[in-house]
Each structure stands twice: as C-alpha cells, then as structure tokens.
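Just follow the structure's listing: the first ligand is 1, and inside any ligand the first atom is 1.
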Amino acid sequence: MFYQSTRSDHRVNSLQAILEGIAPDGGLYLPVDLSSVKVDPADLADKSFEEMAAVILHTLFDEFSESEMADMVRRAYGGKFETEDVTPTVKVGQDYVLELFRGPTSAFKDVALSMLPVLITEAKKKLGIREKIMILTATSGDTGKAALEGFHDVDGTGIIVFYPNGGVSAVQKAQMVTQVGKNVTVCAIEGNFDDAQTGVKNTFAACAKMDLTQYGVRLSSANSINIGRLAPQIVYYYKSYCDLVAAGEIAMGDPVSFVVPTGNFGDILAGYFAKCMGLPVARLVCASNENDVLTEFLTTGRYDRRRVFHRTNSPSMDILVSSNLERMLYLAAHGDYAKIAGYMKALNEIGEYTVDDALLAELKKTFFAGCCSQDETLAAIGRTYETYGYLCDTHTAVAVDVAAAYKKTEPAEKVIILSTASPYKFPVSVLTALGETPDEDEFRVMEQLNERTGVPVPAALADLKEKKVLHTDVIPKDSILDYVLKKVEG
Ligand SMILES: *Cc1c(COP(=O)(O)O)cnc(C)c1O
C-alpha cells in the first residue's frame, strides 16, 4: 500500500513510511486512499486482541502478509501486558472505560510502542537496509519509558532518551534511570522539556546534513508522527467495540462515541481511522486540560498556539502544537495538500491559522471538543471513586469530565472513555483528589493510595524502588548533538 505526504504529492510504500517517520517535505504520511481501507467489525467479533491486530495491521501495511503480521504481533504483545486481552473495557456507571494502561510502563503509549520496534526491524529487513536504527526521543515522562521498554535489546536498533532534569515525576524518573538493556541510553538535560525537544529536533536537522551511514547508523523517531506508531492504536477501538457487542451491551452495527484525553492528537486520530475503516463511530470527543488550544480550534476553526502554557496535573496532555492534527486536516480537506502546507507554514511563522468554513463543518460532523480545569480534574477523580468505586488517573479524569458535558448534548449512543494511565503513575494528584494528604516521598504515596483504595499497585511500579540506577548522565541543554554524535561514532 502507498502512503502520501500531507504537504505534497510525495509517495512511498508502507515500509519506507515506517522507517522514515516523517516525509522529506516535513509532512506526515497517510494511506493514499484511506476510504478504500476497510475492516468490518463483524469479521473480528470473536477474535482476540492479537488476532484483531494482525488483520488490521496487515490491511494497512500489506507488504507484510497476514501470517507474517500475526507472528510480529505475537512477538510485540505476547505476555507483556497484565491482562491477556491487552486492552480490557470495564463498565463504570452508564459508561465504559477502555483501559489502555495494562502494559509494562502503565501508560497507553505501551500499546503502540510495543509494536513499533517490530515494525521497524521487519521493514528494515524487507528493504534490505543494514544500518542500525538509532531512535532519538525527548520525553516529558511517559513516551521515553514506553519507548525504552519497546526498544531495549531489539537487534539492529539503539535508543537514546533525553528528559528534563527535575522536570519529570520521581516515579517517571525512576522508571527511566533503572532501564536495563545493552542498546539503551538515558540522559538528563539541564533545561525543561521544550529545551530537550528543541535539542533533539536540531540534532535531527544537523544529522540530516551529515552522512551517518558511514558509521552504520540511521536516526529515527518513536514519536507519534510515525505511522507505525499510530496504526496499532486503531486496534483497541475495534476491540472495545467488539467487547461491548460480546457482553450484550450493544448490537453489532450500533453507533458508539469515544471520549479521548488528547495531547498530540495521535490517539483520537486512530479513532478517526477506525471510523473511516468501517467501525460505527458516532462522535469522537476531544478532551483537553487547561491547555485548551484544540477546544478552541474545533469550536471556532482558529488554531492559535500563541498562548500561556499551563503546567497541569495531567502533564502528558500539556501541549500547544498537536502534530497529528495535520493528518486530520488533510483528510477533512479531501487531500488538498497545498492548503495544509499553507496552514502549517502560517502556524510556524505566525503562530496561528484559521481553516475555511467547509473544513470546519467537516470536522464538526465527527468531533466534539471540551476542556476542564485542574480542580475539575481532581473533582472528577473523587466523584468517580465515591460513586462507582472506580479509581482513575488525572488524564482519564479529564475525559470523564468532558464526557459528562458531552452527554448533556443528549446523544443517544453509548459512550466509551479511553483511560490512558494507571492512577499509580500520578499518585500525588490522585491521592489528593481523594481528600488525603500525600507524603513527600512519591513511592510512599503509592502505598498510601493502595492503603486507601485497595487497588493493586502495578507490579512494574511496585518494585521500582528496589531497582538499581543505571543511568546518571546530566548534560547542558546545548550539548545534545555532541552527545548523540559520540554515541553514534562510539
Ligand atoms: C501521551 C498521553 C496522552 C495524549 O495522547 P495523544 O496521542 O498525544 O493525544 C494522554 N494521556 C497520557 C497518560 C499520555 O501519556
């Protein structure tokens, strides 16, 4: 299958799209004709998560046969998740919660980052590429650990993660600096997340001008701009839908809506792919925190990144430039890439753009948007726990709050809320939401939360405290390129 850039008529096959990550013109890859890519949920009804993943991913990346893909999926997921069905859906009150955090790092990014390394290494083999693929990632916490967990000890790859010193939670830091694996590097930078992100972007740009293949290396990214990271996320929309059918909660063909806690727009875009491919999706509800740039955009058509950046209690959604929105605009503009290139140029140079009425109307057919404050986030955690005995994390709580607002618009369909992290990943906020006073030691707070609620601590988080620290490098923020080159040459 061919993939096409969102900014020009540049096309590549799916293997190249997975390996390159981003198109040479700066655009993102999309299937040339998404509307011709179909998977009928009725055909998946009695399949397991892994079987569904094999069908869906083979359909999107048909350079791999279905049996090759089935084997790849088994390697990616087999035995790595707490629950055999990978992404279980549970009923909470009138609604359903799709739990995406049962993987090795307790955040939803595990679902995609378990699969991406396998896709990259197999694409590399099929294309006959010999060089080692070096993954560079800047992280504000969750992506780095999930990428490390996905890529550690994967032959033919290496991974370097940069995180802001003092800018991640104690739990997140411990998760990263204790990472084992012979091909992993974790390094703190003296600066904030934006410094780390800028340093990594500049390193990609500088390395593009050098020939790293002389060292037997190519750089790549584990960021959600890679189509190989986006595609595995489609699977759980189908899985959750089929689970509701199997439980008799809906009939096959009934429309449902999904409420998605959103940052980079990757997760919710996977839901849009599912809808295009034939899943009966009524609405996709985009839930944001105080960084409400998407709420404004989906309401007014104006995207303006020139606004105050809020550090919130749902930090993985603290983002002002949602990269994957570009793909959505391209699809809603029916492939008018010149228009998209224009919007992206304006965003870069001026900091804002406004889409035309037709495009906004197209978006509004599918998307509903809402946001909530940090206090409302905590209130949603408290309310959900007191009313239903269900403990959710801060990111999920944003979706819970926005789901309630959406339901006031009187939709008739069932609502599935995507839960993107374990409450134990953000224990200080969650315990505070239950009216308790958290201890200063974050590991102790996990115990407090466990004592208060009885909800088990995920095993990988529970024994973090005992693990050996393996990575202690701290570098100035302008040394990222040098650091990477040393690793590449070394
Ligand atoms: C990354 C992340 C999100 C946002 O997902 P996007 O695909 O970037 O929109 C939400 N919640 C958690 C816990 C995350 O780690």
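Considering backbone and side-chain N/O atoms, Gln233 never comes within less than 3.5 Å of an N/O atom of ligand 1. Here's the thing with Phe265: one of its N/O atoms is less than 3.5 angstrom from an N/O atom of ligand 1. An N or O contact shorter than 3.5 Å links Gly263 to ligand 1 by distance. Inclusion of Lys109 in the set of residues having an N or O under 3.5 Å from an N or O of ligand 1 is warranted. Backbone and side-chain nitrogen or oxygen atoms of Thr420 are examined, and one is located within less than 3.5 angstrom of a nitrogen or oxygen of ligand 1. The N/O atoms of Thr262, backbone and side chain alike, include none that comes under 3.5 Å of an N/O atom in ligand 1. Ligand 1 has no nitrogen or oxygen under 3.5 angstrom from a nitrogen or oxygen of Met317.
The six-membered or imidazole ring of Tyr390 lies away from that of Tyr385, with a centre-to-centre distance of 6.0 Å or more. Between Tyr237 and Tyr241, the distance separating the two ring centers is not shorter than 6.0 angstrom.
Each of the following atoms of ligand 1 lies closer than 4.0 Å to a heavy atom of Asp267: 7 (O).
Assignment of Pro261 to the shell around ligand 1 is supported, since a heavy atom sits closer than 4.0 Å.
Counting protein heavy atoms only, atom 8 (O) of ligand 1 is closest to Asn264 N, 2.7 Å.
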